[in-house]
Amino acid sequence: PKNCTAAVLSAIAAAGAAGGGTVYFQVGRWYIDGSYHGLRIPNNVRLQGAGMDLTAIYFAQNSAATAPAAYFSLDAHDDTMFGRFGVSDLSVYVLSYYNQIFDISADTDGVQVRQVRVRANAFMCMNNPDSRTNANGGKVPWTWISKVNTNALFSLQGRNFQVTDN
């Protein structure tokens, strides 16, 4: 597979420099390597696929030491008090180590995640995987959604966020 990291990061940076916009992912598989710290999305930038069954972003296998804090998060390096970003109409594959997939942090307002299929290995989550047990005493390494910054595919702390399947 072709490594698309440089092209994706360049397109995201260009949209951010323009004050916002949409980075369109055409039909296909987009491979992102592990030599970066996740996709930090600038304020008012949206990542748009052609559909959950048509566009897929694959994140490279990271080690436990190099897994990013989140694969999708706000790039908080601008002057806005609250930022917003969006991800829609695509599938995300993270089959190795991760902390979180989406970080909708407290400094966001208006984040949208729509029609996004997430495939992640539940037992590769690095956020305190041994800290929780289920009713039978088995380990529970993550939850789907959390309002705190641990053990979740989605960390939801911002204002006015929307996570939908339609």
Side-chain angles (χ1 to χ4, degrees), residues 1-52 54-80 82-121 124-127 142 144-146 149-150 152-158 161-164:
K2 184 176 178 183
N3 184 341
C4 302
T5 305
V8 169
L9 295 178
S10 177
I12 291 171
T22 300
V23 176
Y24 182 70
F25 291 82
Q26 296 179 2
V27 172
R29 295 179 179 159
W30 299 81
Y31 295 91
I32 310 292
D33 72 26
S35 65
Y36 68 102
H37 295 95
L39 295 181
R40 294 182 178 154
I41 306 168
N43 189 36
N44 293 319
V45 171
R46 184 171 141 218
L47 307 183
Q48 170 75 46
M52 285 190 302
L54 301 173
T55 302
I57 297 177
Y58 287 80
F59 289 98
Q61 304 276 331
N62 284 302
S63 71
T66 61
Y71 283 97
F72 296 91
S73 62
L74 176 68
D75 182 358
H77 291 79
D78 59 22
D79 296 334
T80 59
F82 291 101
R84 67 184 66 214
F85 67 89
V87 180
S88 60
D89 297 307
L90 52 83
S91 290
V92 175
Y93 291 85
V94 180
L95 302 177
S96 189
Y97 298 98
Y98 62 92
N99 290 292
Q100 293 173 337
I101 308 300
F102 286 90
D103 180 15
I104 301 175
S105 61
D107 59 351
T108 61
D109 184 0
V111 173
Q112 293 184 345
V113 179
R114 296 174 144 178
Q115 293 286 311
V116 174
R117 177 183 297 134
V118 177
R119 301 284 191 214
N121 185 334
M124 299 303 256
C125 181
M126 299 307 300
N127 271 337
W142 57 272
W144 283 104
I145 297 174
S146 174
N149 234 358
T150 60
L153 289 178
F154 288 84
S155 171
L156 303 177
Q157 300 178 56
F161 55 81
Q162 183 180 50
V163 179
T164 65

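Just so it is clear, the values below take in all heavy atoms, side chains as well, and ignore hydrogens, waters and symmetry mates.
Atom-to-atom distance recorded for I101:CD1 and S73:OG is 11.5 Å, nearest 0.5 angstrom. Separation of atoms CG (N3) and CD1 (I32) is listed at 7.0 Å; rounding is to 0.5 Å. Between the CD1 atom of I41 and the CZ atom of R84 there is a distance of 14.0 Å, given to the nearest 0.5 Å. Taken to the nearest 0.5 Å, the CG atom of L39 stands 11.0 Å off from the CG atom of D75.
Take N44 and apply the side-chain hydrogen bond (donor to acceptor under 3.5 Å, both in side chains) test, not counting sequence neighbours, and it matches no residue. Listed by chain and number, the residues in a side-chain contact (heavy atoms from CB on, under 4.5 Å) with A50 are Y24, V27, L54, T55 (sequence neighbours excluded). Applying the ring pair (Phe, Tyr, Trp, His ring centres under 6.0 Å) criterion to F72, with sequence neighbours excluded, gives F59, F102. Applying the side-chain contact (heavy atoms from CB on, under 4.5 Å) criterion to A11, with sequence neighbours excluded, gives V23.
The heavy-atom pair separating A70 from D103 by the smallest distance is CB-CB, 3.6 Å. When all heavy atoms of Y31 and K2 are compared, the closest pair comes out as CB-O, 3.5 Å. The two residues F85 and P42 come nearest to each other via the heavy atoms CB-O, 4.2 Å.
The side chain to side chain donor-acceptor pair (under 3.5 Å) analysis of residues 85-94, with sequence neighbours excluded, yields the pairs R46-S88, Q48-S88, Q48-D89, S91-R117.
In this structure, the side chains of L90 and V116 come closer than 4.5 Å at one or more pairs of heavy atoms. Within the 4.5 Å cutoff, no side-chain heavy atoms of V92 are placed close to those of Y71.
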**Request:** Decide side-chain contact (heavy atoms from CB on, under 4.5 Å) for L47 and I12; before the verdict, give the C-alpha distance in whole Å, the side-chain angles of both, and the deciding distance to 0.1 Å.
**Result:** CA-CA 8 Å; L47 307 183; I12 291 171; 3.8 Å; yes
